[in-house]
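The model shown is predicted, which means the values in this text are computed figures rather than measured ones. Hydrogens, waters and symmetry mates play no part in the numbers below; they use all other heavy atoms, side chains included.
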Amino acid sequence: MSREEVEAMFTLGDLKKTRVYRDALQEGQRLGKLEGKLEGKIEGKLEGKLEGVKIGTQHGQVLGLKQGLKQFAVKLLTRKFGKVTLKMVKRLDKLSAEQLEELAEAVLDFEKVADLEAWLSSRKVKGKNL
């Protein structure tokens, strides 16, 4: 029977009282919830991936900036004092990007390696002196 034929036989109130109507309504609600959950999961995963890419890109930019600043500082120190030791480079690794920028400016005032040592000793990294 078509929908029109069924509606002609029963009133809407009568139809709502039938088990078939209630079962069909429950099935529709269940399918709607499943669709909603699936769409929510897909949207959530997509948003999570996009946020992860955004955060990863920003983190990579910060690391790249820090690496570039460190290389620049090593070049300045090499030009000023000749050879830069591996121990010194490791100490530079512990500096933040801001501290590396400060070092690049401070190098111009250094007269000897001891000035660099003093400058590094005066900086703190995570509560410890370098």
Side-chain angles (χ1 to χ4, degrees):
M1 291 182 163
S2 70
R3 180 179 178 158
E4 291 80 24
E5 290 172 321
V6 173
E7 286 177 352
M9 292 174 54
F10 300 99
T11 66
L12 186 57
D14 290 337
L15 256 174
K16 287 184 177 182
K17 292 178 185 174
T18 66
R19 181 177 188 97
V20 171
Y21 177 87
R22 289 191 307 268
D23 288 350
L25 181 63
Q26 284 179 342
E27 182 68 15
Q29 289 172 336
R30 187 180 69 76
L31 289 175
K33 285 180 183 178
L34 286 174
E35 265 185 55
K37 284 182 181 179
L38 181 60
E39 285 180 26
K41 283 182 180 180
I42 290 171
E43 280 185 37
K45 284 182 180 180
L46 184 59
E47 284 181 27
K49 285 181 182 180
L50 290 174
E51 187 65 22
V53 166
K54 180 181 171 185
I55 290 171
T57 300
Q58 289 171 342
H59 184 69
Q61 288 172 343
V62 169
L63 287 177
L65 173 66
K66 184 178 174 188
Q67 185 65 29
L69 287 167
K70 186 186 95 174
Q71 288 173 350
F72 181 64
V74 169
K75 282 183 180 185
L76 285 173
L77 292 168
T78 302
R79 182 116 187 225
K80 185 90 174 189
F81 301 119
K83 190 175 178 183
V84 177
T85 65
L86 182 59
K87 182 180 175 183
M88 187 62 65
V89 172
K90 286 185 178 188
R91 287 178 77 184
L92 296 180
D93 282 336
K94 295 177 184 176
L95 295 174
S96 68
E98 293 81 16
Q99 289 172 321
L100 286 166
E101 284 183 31
E102 291 171 14
L103 174 61
E105 287 183 33
V107 166
L108 300 173
D109 298 327
F110 297 161
E111 294 182 19
K112 50 192 180 273
V113 176
D115 296 332
L116 171 61
E117 293 285 343
W119 187 91
L120 287 170
S121 294
S122 70
R123 298 303 180 268
K124 292 195 183 252
V125 176
K126 297 181 183 174
K128 297 180 183 177
N129 285 344
L130 286 172

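Heavy atoms from other residues, nucleotides or ligands lying under 6.0 Å from CD of Glu111 number 12 at most. Atom CD of Glu105 sits in a sparse spot, with 12 or fewer heavy atoms from other residues, nucleotides or ligands closer than 6.0 Å. Enclosure of atom CZ in Phe110 by more than 12 non-hydrogen atoms of other residues, nucleotides or ligands within 6.0 angstrom is indicated.
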>> Assess the residue pair Leu103 and Leu116 against the criterion (side chain to side chain contact (heavy atoms under 4.5 Å, CB included)); give the C-alpha distance rounded to whole Å, side-chain angles, the decisive distance to 0.1 Å, and a yes or no.
In response: CA-CA 9 Å; Leu103 174 61; Leu116 171 61; 3.7 Å; yes

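Using a 4.5 Å cut-off on side-chain heavy atoms (C-beta onward), Leu108 and Lys80 make no contact. Put simply, the side chain of Arg22 does not reach to within 4.5 Å of the side chain of Gln26, judged on heavy atoms. Using a 4.5 Å cut-off on side-chain heavy atoms (C-beta onward), Leu92 and Leu77 make contact. Side-chain contact check for Glu51 versus Ile55: some heavy-atom pair is nearer than 4.5 Å. Met88 is listed as a side-chain neighbour of Thr85, based on a closest heavy-atom distance under 4.5 Å.
No donor-acceptor distance shorter than 3.5 angstrom exists from the side chain of Arg123 to the backbone of Leu95, with no hydrogens or angles considered. Here the side chain of Glu43 pairs no donor or acceptor atom with the backbone of Gly40 at under 3.5 angstrom. Remark: side-chain polar atoms of Asp115 are paired, donor with acceptor, to backbone N or O of Lys112 under 3.5 angstrom. Side-chain atoms of Gln99 come within 3.5 Å of backbone N or O of Ser96 as a donor-acceptor pair. Side chain of Lys83 to main chain of Thr78: no donor-acceptor pair is present (N/O by atom type, distance under 3.5 Å, no hydrogens or angles). Remark: the backbone N or O of Leu100 is not paired with any side-chain donor or acceptor of Lys66 at under 3.5 angstrom.
Taken together through direct or relayed side-chain contacts under 4.5 Å among Ile, Leu, Val, Met, Phe, Trp and Tyr, Phe72 and Leu63 form parts of separate hydrophobic clusters.
Using a cut-off of 4.0 Å between Lys/Arg side-chain N and Asp/Glu carboxylate O, Glu117 and Arg91 are scored as salt-bridged.
Here Glu102 contributes atom CD and Leu69 contributes atom CG; the two are 11.5 Å apart, rounded to the nearest 0.5 Å. A distance of 9.5 Å separates CD1 in Ile42 from CG in Leu46, rounded to the nearest 0.5 Å.
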